[in-house]
Amino acid sequence: MKNTFYVTTPIYYVNAEPHIGHAYTTIVADALTKFKRQRGIDSFFLTGTDEHGINIERKAEERGIAVKQHVDEIVDKFKTAFARLDINYDRWIRTTDAAHEEAVQKLWTLLKEKGYIYKGHYEGWFCGNCNEFKEVEAGDENPTCPTHLKALERVAEASYFFKLSAFQERLLKYYEAHPEFVQPEARRNEVISFVKSGLKDLSVSRVSVKWGIAVPDDAEHTIYVWLDALSNYITALGWGNEHFDGFEKYWLNEVDGKPVSNALHLVGKDILRFHAVYWPAFLLAAEVPLPKTVFVHGMLLKGGQKMGKSTGNAIKLETLHEHFTNDMIRYFLLREVPFGQDGEVTYEAMIERVNADLANGLGNLASRTLTMVKNYFAGQPPRAFDAEADDAKGVRAALTQAKEKFDDEYAALNFSRALEAAWSGIANVDKFITDNQPWKLAKDEAARAKLEAVISTAYETLRQVVLLVAPVLPHTAKAIWQQMGLAGEPLQFNPREATWGEALEIAKVENVTPAFPKLNKEKIVSEIENSEDHQAMATDSQPNAPSDASPKATTGTTANPVAPTEAANKPSATATTPSSDDTKPATVASSEKIAIDDFIKVELRAATILEAERVPKADKLLRLQVDVGEATPRQILAGIAEYYAPEEVVGKKIVIVANLAPRKMRGFESNGMLLAASVGENGRPVLATFGEEVPNGTRLK
RNA sequence: UGCGGAAUAGCUCAGUGGCAGAGCAACGGUCUCAUAAGCCGUAUGGCGCGGGUUCAAGUCCCGCUUCCGCAACCA
């Protein structure tokens with residue numbers, strides 16, 4: 001078995017600016033790579049950008065610039081943001097790289113030759129205003145667009161399909177045989193349950209999207225953005241092209257005579273399905289070994305809510321950089337948030353972590369130890385390990401244990417636990433120093449040997465701890481290392497080979513400066529609040545600020561390559577392109593103007609709810625019988641069950657759209673729809689009603 | 001509604017049948033090498049609710065509540 005390591009982040013979709021979510025995944029990948037490399041493991045860290053698709057095309061159009069110029073600009077912003085965080089990736093793949101495009105076409109051809117891609121055609125309902133496909137209840141012959149309330153048009157467009165259905169059983173067997181393939185386990189269960197529910201063939205080409213990779217021999221079509229994007233993990237290593245290299249070395253491995261891969265994909269939970277279902281299916285089809293693990297991390301939360309541009313609560317990297325150093329940001333994200341779970345991120349918690357762990361913990365240990373080296377030993381660290389100090393052996397033993405635990409937990413991606421272990425080493429030696437009172441020993445010439453032993457142990461513990469934390473705190477670790485008079489830098493030394501008390505050439509300790517400042521919580525929090533108020537005001541004054549592709553696309557911690565062509569994939573086309581419901585209602589500018597004739601077509605009437613009951617197996621649906629002044633009551637289904645109890649709405653006077661085409665949902669026919677305001681982030685419905693009594697059936701104009 | 005998770009100290013979380021824990025925050029004490037840091041001590045819990053199995057249950061079983069995810073659902 002080869003001892004190599006390959007880690008990837010998702011490639012980031014270039015229709016949004018980098019934020020803390022991108023930083024999170026990428027910091028983890030970086031900290032992992034530094035860890036592996038420090039332990040002598042040949043490692044490769046890939047990140048990059050996903051640059052194709054209709055959303056990108058549109059974004060550039062909005063800005064009135066060439067698409068290539070638009071993507072180049074955003075890519076620069078990502079690179080700058082990551083560089084500021086001390087991230088050292090080995091390769092930055094862009095899906096617009098010629099080598100990648102060439103390789104994706106090769107993959108396509110291979111899949112086609114193996115019989116997994118066939119040409120068919122896609123049929124569905126299309127809304128010209130949304131410019132996307134809509135999912136429609138079977139049997140509905142006259143569907144309307146939910147956003148625009150206009151009739152949908154029937155569209156049939158030629159499309160290539162990938163035989164995803166052929167892989168259902170093989171995937172299930174694979175999950176079964178490789179429990180480590182999807183982690184954590186809850187995510188694995190989710191994937192298995194999804195696959196068990198059935199896989200349909202996947203539409204993998206589009207004719208209406210131009211900004212993409214052309215289908216070989218059929219340039220009318222471009223290749224499905226996800227097929228394009230996922231392939232980056234192998235094309236970046238030279239699969240299917242001559243430009244890049246490393247596929248043999250970093251992707252391929254062999255265990256028990258079977259080809260497997262070392263690859264570790266870090267992904268956010270919002271793009272799990274693409275990585276855990278589609279991607280392995282593509283690879284199985286191409287007969288390329290599957291990645292070892294798709295590890296799903298959680299979302300960063302603020303105030304219990306997902307952070308995102310659409311919720312307006314995202315923590316800005318800019319703000320972080322103003323108040324925290326890179327190492328602080330890196331440490332906090334890895335220490336505070338258990339990897340794999342959602343994690344709350346607050347400035348208060350960050351400041352508390354920095355003060356308690358970094359300033360009072362690591363920073364102060366370095367400071368007190370080095371000051372004593374300077375004062376008592378003229379700056380030359382003693383190396384006396386004859387255990388004359390009380391419990392020096394205990395300190396050493398505890399550190400050895402901490403080191404082992406650190407490595408075990410870190411390798412299992414439990415960064416939080418690993419760091420906890422390292423800090424137990426710090427607490428230990430702090431106590432040791434206090435117990436032995438070296439400042440008293442220093443005043444007693446007869447206690448010189450013991451003083452040497454105490455300071456030797458303190459200094460040695462510090463050295464080992466600094467080695468451990470270097471992958472997480474590269475900058476500070478190096479700074480302390482240099483203050484300690486040690487040669488080279490900590491990331492060059494394998495902590496497993498750093499033996500206790502080994503002979504070292506150590507320069508004089510001269511300048512001792514605090515590694516971390518103590519942060520003033522009240523001051524920083526109030527500064528941030530003030531500046532965020534300003535930012536919020538600035539944002540509010542631009543009601544038409546472009547929104548992201550879809551709510552789902554923007555709430556993730558990874559700006560995921562949400563595929564515009566996902567529309568063609570299920571073929572459900574739930575909001576994957578910009579649509580009006582992504583805009584804040586309070587600030588929405590009216591879109592297209594309509595003529596009075598258009599409005600007259602909509603028949604709004606007053607009605608009274610006579611009966612209401614929940615629809616089985618539906619969370620949101622109430623089945624209502626309403627009196628519209630007609631001979632018999634009408635049945636209407638309304639998606640308000642989450643906010644209105646059935647008994648609560650009975651007797652209410654409401655407004656309905658009376659001439660809407662009938663539509664079946666969950667087995668019941670709905671003859672119209674009721675009007676309700678859609679309030680706040682979650683679109684909480686508030687029924688429209690009247691200020692005075694109105695007869696049922698009255699027309700509204 | 002179905003499937004899968006979760007619920008433990010003020011906060012973040014450990015704890016797979018054997019005396020309920022850690023870190024942070026709080027409070028009291030103490031040291032002076034150190035960044036008003038360190039160290040010592042204190043307090044803090046109906047382990048979501050109700051049943052059951054067991055000599056013994058955060059822990060296993062059944063039912064329920066609330067929250068989260070996925071699916072369905074919003075005409």
Side-chain angles (χ1 to χ4, degrees), chain A residues 134 136-137 140 143-147 149 184-194 196-197 269-270 272-273 296 298-299 301 304 306 335-338 341-344 346 348-349 352-353 355-376 416-417 419-420 423-424 426-427 429-442 451 454-455 458 512-519 574 581 614-622 636-643 656-657 660-666 670-676 678 683 685:
Chain A
K134 299 289 177 184
V136 155
E137 184 87 358
D140 188 345
T144 49
C145 169
T147 311
L149 301 175
E185 203 180 337
R187 298 295 163 196
R188 178 170 175 262
N189 295 340
E190 192 180 308
V191 168
I192 290 173
S193 138
F194 174 79
K196 273 188 180 159
S197 74
K269 64 186 176 188
D270 45 353
L272 169 60
R273 186 184 308 164
V296 187
M299 299 292 173
L301 309 175
K306 285 181 193 170
R335 174 64 185 85
E336 184 81 3
V337 182
Q341 295 178 38
D342 288 352
E344 192 73 30
T346 65
E348 287 87 344
E352 280 166 16
R353 277 285 172 210
N355 285 345
D357 295 359
L358 299 181
N360 297 352
L362 178 60
N364 184 57
L365 174 64
S367 188
R368 70 192 304 202
T369 305
L370 296 183
T371 301
M372 287 189 282
V373 167
K374 218 177 117 184
N375 293 347
Y376 307 151
S416 182
R417 302 266 193 98
L419 289 167
E420 212 175 281
W423 257 258
S424 77
I426 294 175
V429 77
D430 263 336
K431 177 174 165 51
F432 166 82
I433 293 171
T434 304
D435 287 349
N436 281 284
Q437 301 182 303
W439 47 93
K440 285 188 180 161
L441 301 176
L451 177 65
V454 171
I455 301 303
V512 181
T513 51
F516 295 98
K518 194 86 178 269
L519 303 180
T574 48
D581 44 72
R614 287 180 182 278
V615 174
K617 300 191 177 188
D619 258 358
K620 301 187 179 178
L621 236 41
L622 285 188
I636 285 182
L637 300 184
I640 58 173
E642 285 180 307
Y643 298 93
I656 68 159
V657 180
L660 205 57
R663 165 77 193 276
K664 267 190 143 185
M665 278 180 297
R666 286 264 147 212
S670 181
N671 296 290
M673 80 185 256
L674 58 74
L675 295 190
S678 182

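Since the model is a prediction, treat every value here as computed from it, not as a measurement.
- Taking 4.0 Å as the cut-off between side-chain N and carboxylate O, A:Glu190 and A:Arg187 count as a salt-bridged pair.
- Computed from coordinates, the A:Arg273 CZ to B:G4 C1' distance equals 15 Å when rounded to whole Å.
- Rounded to whole Å, the separation between the P atoms of B:G50 and B:G58 comes to 13 Å.
- Between the side chain of A:Ser416 and the backbone N or O of A:Arg335 there is at least one donor-acceptor pair closer than 3.5 Å.
- Residue-level contact check: A:Ala349 touches neither bases nor backbone, having no heavy atom under 4.0 Å from any strand.
- Taking only side-chain nitrogens and oxygens, A:Lys196 never comes nearer than 4.0 Å to OP1 or OP2 of B:C3.
- Distance, A:Trp439 CH2 to B:C31 C1': 6 Å, rounded to whole Å.
- Atoms NZ and CG, on A:Lys269 and A:Asp342 in that order, are 3.5 Å from each other to the nearest 0.5 Å.
- At the heavy-atom level, A:Leu370 lies nowhere under 4.0 Å from the strands shown.
- A gap of 24 Å separates the P atoms of B:C24 and B:A20, to the nearest Å.
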Distances for protein N/O vs nucleotides 20-27 of chain B N/O pairs under 3.5 angstrom?
none

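- Here the side chain of A:Asn355 pairs a donor or acceptor atom with the backbone of A:Leu519 at under 3.5 angstrom.
- Looking only at side-chain heavy atoms (C-beta outward), A:Arg368 and A:Thr434 come within less than 4.5 Å of each other.
- In the set B:A75, B:C70, B:U35, the nucleotide with an atom closest to the side chain of A:Phe516 is B:U35.
- To the nearest whole angstrom, the two P atoms, one in B:U59 and one in B:U16, are 12 Å apart.
- Anti is the classification of B:G38, since its glycosidic angle lies more than 90° from 0.
- Comparing B:G17 with B:C61, their C1' atoms are spaced 13 Å from each other, to the whole Å.
- Between A:Trp423 atom CH2 and B:C13 atom C1' there is a gap of 17 Å when expressed in whole angstrom units.
- Distances were taken from every side-chain heavy atom of A:Ala515 (C-beta onward) to each of B:G69, B:A14, B:U35; the shortest belongs to B:U35.
- The side chain of A:Lys440 sits closest to B:U32 out of B:C13, B:U35, B:U32.
- With A:Asp430 as reference, A:Leu365 is the one residue of A:Thr369, A:Leu365, A:Asp435 to meet the side chain to side chain contact (heavy atoms under 4.5 Å, CB included) rule.
- Judged by closest nucleotide on RNA chain B, A:Ala186 is the one of A:Arg368 and A:Ala186 placed further toward the 5' end.
- A:Glu348 CD: more than 12 foreign heavy atoms inside a 6.0 Å radius.
- Looking at A:Gln437 and A:Val454, their side chains never come closer than 4.5 Å, going by heavy atoms from C-beta outward.
- Between the side chain of A:Ser367 and the backbone N or O of A:Gly363, no donor-acceptor pair lies under 3.5 Å.
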Q: Using a 3.5 Å limit on both pairing distances, list the dot-bracket string of RNA chain B from the 5' end; Watson-Crick and G-U wobble pairs count, crossing pairs take [ ], interstrand pairs take |.
A: (((((((..((((....[..)))).(((((.......))))).....(((((..]....))))))))))))....
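- Across B:G69, B:C39, B:G15, the shortest atom-to-atom separation from the side chain of A:Arg417 is found for B:G15.
- Using P as the reference atom, B:G52 and B:A57 are 12 Å apart when rounded to the nearest Å.
- For A:Asn364, taking side-chain heavy atoms from C-beta onward, the closest of the listed nucleotides B:A37, B:C39, B:U12 is B:A37.
- In this structure, CG of A:Leu272 is placed 10 Å from P of B:C70, rounded to the nearest angstrom.
- B:A9 and B:A26 are spaced 12 Å apart, taking the C1' atom of each and rounding to whole Å.
- Backbone-only engagement by A:Pro338 is indicated by non-hydrogen atom pairs under 4.0 Å involving sugar-phosphate atoms exclusively.
- Using a distance-only test at 3.5 Å, with no hydrogens or angles considered, no donor-acceptor pair links the side chain of A:Asn364 to the main chain of A:Ala359.
- Nucleotide B:C40 holds its P atom 13 Å from the CD1 atom of A:Ile433, rounded to whole Å.
- When each of B:A75, B:A37, B:U12 is scored by its nearest atom to the side-chain atoms of A:Lys518, the top-ranked nucleotide is B:A37.
- The closest side-chain heavy-atom distance from A:Val296 to A:Pro184 is below 4.5 Å.
- Computed from coordinates, the A:Asp430 CG to B:C33 C1' distance equals 11 Å when rounded to whole Å.
- Residue-to-nucleotide proximity on RNA chain B shows that, of A:Ile640 and A:Ser193, the 5′-proximal contact is made by A:Ser193.
- At the heavy-atom level, A:Thr371 lies under 4.0 Å from the strands shown only through sugar-phosphate atoms.
- In this structure, A:Ile640 CD1 and A:Leu622 CG are separated by 4.5 Å, a value rounded to the nearest 0.5 Å.
- Taking the C1' atom of each, B:C27 and B:A43 are spaced 8 Å apart, rounded to whole Å.
- Separating the OH atom of A:Tyr376 from the P atom of B:U32 is a distance of 11 Å, rounded to the nearest angstrom.
- Comparing the same atom, C1', in B:A22 and in B:C60 gives a spacing of 26 Å after rounding to whole Å.
- Here A:Gly361 lies out of heavy-atom contact (under 4.0 Å) with every strand.
- The distance from atom CG of A:Leu419 to atom P of B:C13 is 15 Å, rounded to the nearest whole Å.
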